[in-house]
Amino acid sequence: APAPAPPADSAREPATAPVSTTQPSEPTSQLLPNVTSVFNLDLDALKSNSSTAEMTMAVNEALAEVAKRMEAQQKEVGLDDALVERLRAEVFDLKSFYVTDVESTVVGTVFRGNLRADADAVYERVQDALAKAPELAEKVQLLLLPDPTPITVEQLQEIEGERRPVFLALPAGRIDGLMQTTPEIGLALISLGIGCFTTLGYALSSFLLSADGTLIEQLQAGDPAPLIQATPIALGLGLIQLAHEVGHFGAAARNGVKLGVPILLPSLQLGHFGCVTRLLSFPKDRTALFDVAFAGPAAGYALSILLYTVGLVISPGPPAAVASSNPVIPAGLLTSSLLLNTLASIFLGDISAIGPVVELHPLALIGFTSALLNALQLLPIGRLDGGRIATAVLGQGAGLVSALSLFSLGFSTLFFGDNPVLLFFGLIVIFFQRQPDLPCANELSEVSMQRKLAAGALFTFMVLTLLPFPVPVADPQALVI
């Protein structure tokens, strides 16, 4: 229960509740009893045997090394006592956040206490107070979020619902991962070059099934005609991805969020898999995170569907008997998406009646491919656009959604392995995009209902795009054994 507030005239006086600053002492001796109790180890009995004694010594050394690293990390992100006292006296007050305890941890200095008003109002009041003390503002970054430190079983039983809100103080300018490095810029340039090559290759492959079937011979003979035909498709895919990234950076500029240089992910199946773009600053709140994450796929997806629809209107459908300047793709590729196949059926008729291949206008192929790419980026996993949107909307609950989505992606990859796109994209997500992102400076604020509805609409389009179109069986009796 919140501690009783002192009179209003002492609003700027330090809290009278006892405040303790926890510092590490003999970390090995603290960790070892916990390990031995958890595993029910009898160290004296172990030491009586030479082999087990050696094993115990190795365990002790490993624990000591872990403790040293934790202590070094704690010193790196911790604040000195004088700075802590200044924050308590000049930034926190009895009208915003009543401090009851201060602890130095491996994630930063945690100020525990009670919110005296709405989370948004408290955060603004604390930030205003911090801004009035320039010396403190230059040294400290304050985050309002649920308590990030592990809790004991007893504390878990006492706490009902979510973790208590705390202020996490981090030393400004000394936070890992908030700077763009030269190797990352070099990697971005290299991946851009490779991505241009794979995207052009994907565009060329769309002409392999054309009527004359001479694409390979033309390329081997040095004929530039196939490259001239494929270049507009590659440029179209690149421009839609550029619109996607411009959406992100435009929203980031409006919300004061710094983004890293986008790193393109080349793909042999679709030309590319979008970009990896790191956050280089803490978003002000979950609304800012939502706007930055939502703007990219919203722009890219809307433009993709528009080009796809226009391209379908002017697409011939059945492949021409003679060579054509339009790409020809397998009809099964259209049926891989419920939404995109439905649109194609509206303008071209029954896709299954056209034949094994379909001739599309280049605009339709650009829109189709880009719609798939944006839908993949909307999967609610880790640092993908969909993962950031889910985090902004659900807060802590996004972790469970991300885990379920990652499991579903892995399940579909293993048991529906005929889709190489899911296989390779799943591997990329597992190795590069599944990690949690930077927290918001104010994690307790919620997004508006309008944004929640917009997220629901975008996720619905994502599901409809990635779900395959149900293909009817021509002869059901053929399936009976």
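These values consider heavy atoms only, across backbone and side chains, with no hydrogens, waters or symmetry-generated copies.
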Subject >> Nearest atoms (heavy-atom pairs only) where L87 meets A169 >> reply: CD1-CB, 4.4 Å
Original post:
Is there a donor-acceptor pair closer than 3.5 Å between any side-chain N or O of N374 and the backbone N or O of S370?
Top reply: yes
Subject >> Residues forming a side-chain contact (heavy atoms from CB on, under 4.5 Å) with Q127, sequence neighbours excluded >> reply: Y123, L130, L142
**OP:** Kindly determine whether I233 and T369 satisfy side chain to side chain contact (heavy atoms under 4.5 Å, CB included), including the steps that lead there.
**Re:** CA-CA 10 Å; I233 297 176; T369 306; over 6 Å; no
Original post:
Taking all non-hydrogen atoms of both residues, which atom of V166 and which atom of D147 are closest, and how far apart?
Top reply: CG2-CA, 3.7 Å
Original post:
Which pair of non-hydrogen atoms, one from A454 and one from F294, has the smallest distance, and what is that distance?
Top reply: O-CE1, 3.7 Å
Original post:
Which pair of non-hydrogen atoms, one from P226 and one from L204, has the smallest distance, and what is that distance?
Top reply: O-CD2, 3.4 Å
**OP:** Quick one: list whatever passes side-chain hydrogen bond (donor to acceptor under 3.5 Å, both in side chains) with R388, sequence neighbours left out.
**Re:** D437
**OP:** Ignoring hydrogens and angles, tell me if any N or O in the side chain of S206 forms a donor-acceptor pair with the backbone of A203 under 3.5 Å.
**Re:** yes
**OP:** Check side-chain hydrogen bond (donor to acceptor under 3.5 Å, both in side chains) between T391 and all other residues, then give those that pass, not counting sequence neighbours.
**Re:** none
Original post:
How many angstroms lie between CD in E217 and CG in D223, if you round to the nearest 0.5 Å?
Top reply: 11.5 Å
**OP:** Starting from the C-alpha separation in whole Å, work towards a yes-or-no answer on side chain to side chain contact (heavy atoms under 4.5 Å, CB included) for F290 and S448.
**Re:** CA-CA 10 Å; F290 178 92; S448 63; over 6 Å; no
Subject >> Residues in side-chain contact (heavy atoms from CB on, under 4.5 Å) contact with A188, at least two apart in sequence or another chain >> reply: V261, I263
**OP:** Could you walk me through whether R451 and D291 pass side chain to side chain contact (heavy atoms under 4.5 Å, CB included), step by step?
**Re:** CA-CA 9 Å; R451 286 179 170 83; D291 291 346; 2.9 Å; yes
Original post:
Can you tell if the side chain of F111 reaches within under 4.5 Å of the side chain of V91, non-hydrogen atoms only?
Top reply: no
Original post:
Does the pair L360 and L312 meet the rule for a side chain to side chain contact (heavy atoms under 4.5 Å, CB included), with working shown?
Top reply: CA-CA 7 Å; L360 296 178; L312 288 175; 4.1 Å; yes
Original post:
Okay, side chain of Q377, backbone of F273: is any donor-acceptor separation there less than 3.5 Å?
Top reply: yes
Original post:
For D120, which residues count as a side-chain hydrogen bond (donor to acceptor under 3.5 Å, both in side chains) partner, sequence neighbours excluded?
Top reply: N442
**OP:** Enter the distance from T342:OG1 to I351:CD1 here, rounded to the nearest 0.5 Å.
**Re:** 10.0 Å
Original post:
What closest approach, in Å, do N326 and P362 show between heavy atoms, and which atom pair accounts for it?
Top reply: OD1-CD, 3.4 Å
Subject >> By side-chain contact (heavy atoms from CB on, under 4.5 Å) - contacts of P439 (at least two apart) >> reply: L143, F282, E443
Original post:
When rounded to the nearest 0.5 angstrom, what distance separates CG in L265 from CD in Q241?
Top reply: 9.0 Å
**OP:** Could you list the residues that satisfy salt bridge (Lys or Arg N to Asp or Glu O under 4.0 Å) with D285, not counting sequence neighbours?
**Re:** none
Original post:
Side chains of S267 and Y202: does their closest heavy-atom pair fall under 4.5 Å?
Top reply: no
Original post:
Is there side-chain contact between L340 and L334, with at least one heavy-atom pair below 4.5 Å?
Top reply: no
Subject >> Spacing of CD1 belonging to I240 relative to CG belonging to L303, to within rounding of 0.5 Å >> reply: 4.5 Å
**OP:** Write down the atom of E245, the atom of C275, and the distance for their closest heavy-atom approach.
**Re:** OE2-CB, 3.4 Å
Original post:
So which pairs with a foot in residues 297-316 pass side-chain hydrogen bond (donor to acceptor under 3.5 Å, both in side chains), sequence neighbours left out?
Top reply: Y301-T465
Subject >> With sequence neighbours excluded, residues passing ring pair (Phe, Tyr, Trp, His ring centres under 6.0 Å) with H272 >> reply: none
Subject >> Any residue meeting side-chain hydrogen bond (donor to acceptor under 3.5 Å, both in side chains) with T198, in chain and number order, not counting sequence neighbours >> reply: none
Subject >> Geometric class of the H248/H244 ring pair [parallel <30°, tilted 30-60°, perpendicular >60°] >> reply: perpendicular
Original post:
Between CZ of R164 and CZ of R112, what distance do you get to the nearest 0.5 Å?
Top reply: 10.5 Å
Subject >> Qualifying residues under ring pair (Phe, Tyr, Trp, His ring centres under 6.0 Å), relative to F97, sequence neighbours excluded >> reply: F92, F167
Subject >> pair L235-I366: side-chain heavy atoms closer than 4.5 Å >> reply: no
Original post:
Does a side-chain heavy-atom distance below 4.5 Å link L279 with L289?
Top reply: yes
Original post:
Is there a side-chain contact between L378 and L466 (heavy atoms, below 4.5 Å)?
Top reply: no
**OP:** Could you pull out all residues at least two apart from K452 that satisfy side-chain contact (heavy atoms from CB on, under 4.5 Å)?
**Re:** V393, E446, V447, M449
Subject >> Separation between OG1 of T109 and CG of L83, rounded to the nearest 0.5 Å >> reply: 8.0 Å
